[in-house]
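Structure, as structure tokens:
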Amino acid sequence: MTHNPSPNATFDAAHQFARHHVLPFFGAEAQSRLAGAHVVVVGAGGIGSPLLTYLASSGIGHITLVDPDRVARSNLPRQILFEPADSGRWKVDAARDRLEELAPHMQLHTHATTIEEWLAATPNALSNVQLVLDGCDQFQTRLVVNAACIAAKIPLISGAMIGWEGHVISFAGHLPEAPCYACWVGEQPIQADTCQTNGVLSPLGAIIGGWMAAEALKQIAGNTPTTYGTMQHINVLNSTSKTRQIVKDVGCISCNAPSTLA
Ligand SMILES: [Zn+2]
């Protein structure tokens with residue numbers, strides 16, 4: 001479903017984004033690039049909820065959101081886009097209601113389906129998209145999104161969380177020196193732990209989703225330092241954070257195939 005912004009509403013961008021306009025490395029020019037940007041968000045869950053909120057409130061002009069699930073009561077502690085009355089609704093529908101209130105001038109396309117189905121059904125789905133943000137909880141889905149980003153020659157900002165920990169990494173497998181998601185995890189399916197069985201602390205989503213939003217704004221703004229492959233790992237139980245560099249795997253079949261080299 002598509003939301004088209006009202007042409008009659010008044011909107012003073014200089015006033016609304018005044019704090020970005022005076023921000024070093026940012027300014028009005030970067031803010032205008034956010035307004036012209038189109039990003040795809042995979043998942044409106046515990047990471048996607050704060051991520052979408054900050055992308056919308058920060059002035060991203062066009063978001064495509066893909067999520068196949070309905071809101072459950074057990075989602076509510078983390079998924080702050082939703083309220084108890086949304087239980088049973090498609091997440092993309094409930095998210096649209098909230099995001100339209102927050103950013104009425106933003107173009108929002110929502111799809112209540114899996115990212116695999118959406119990519120398969122949508123020719124050139126990622127053309128004219130600046131980057132993809134993936135906060136889903138499925139390993140195989142992450143590999144599909146990774147391959148689509150490499151083919152479209154756009155960055156992938158990936159976030160995950162479980163228990164008391166989470167991480168954020170920016171990939172750009174289409175670039176000769178930058179890793180892709182498969183460079184890090186390989187191509188073989190793994191039996192990953194899940195939040196359903198291991199639990200997750202609710203506010204972790206705000207940390208991971210907020211960090212992903214900051215990375216997206218930086219990359220779209222330009223003129224800011226971006227290091228692809230740098231993993232930011234956070235453990236709130238121990239109050240620690242670590243940085244680790246993921247490097248490109250020259251044997252990775254996802255990003256080293258001749259047709260995908262930049
Ligand atoms: Zn790779």
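Read the numbers this way: they start at 1 and go in the same order the structure lists the ligands and their atoms. Starting from 1, each residue takes its place in the sequence as its number.
- For residues 26-39, the side chain to side chain donor-acceptor pair (under 3.5 Å) pairs, not counting sequence neighbours, are His20-Gln31, Glu29-Arg33, His38-Thr64.
- Here Asp249 pairs with nothing under the salt bridge (Lys or Arg N to Asp or Glu O under 4.0 Å) rule; sequence neighbours left out.
- Between the side chains of Gln79 and Lys91, a donor-acceptor pair is found at a separation under 3.5 Å.
- For residues 44-63, the side chain to side chain donor-acceptor pair (under 3.5 Å) pairs, not counting sequence neighbours, are His62-His109.
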*Just do the side chain to side chain donor-acceptor pair (under 3.5 Å) check on His233 and Glu165 with the steps written out, would you?*
CA-CA 7 Å; His233 180 274; Glu165 304 172 59; 2.9 Å; yes
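- The only option from Leu156, Ile154, Leu131, Val129 that meets the side-chain contact (heavy atoms from CB on, under 4.5 Å) definition with Val40 turns out to be Val129.
- Around the Zn ion (ligand 1), the protein atoms of type N, O or S that sit closer than 2.8 Å are Cys180 SG, Cys183 SG, Cys252 SG, Cys255 SG.
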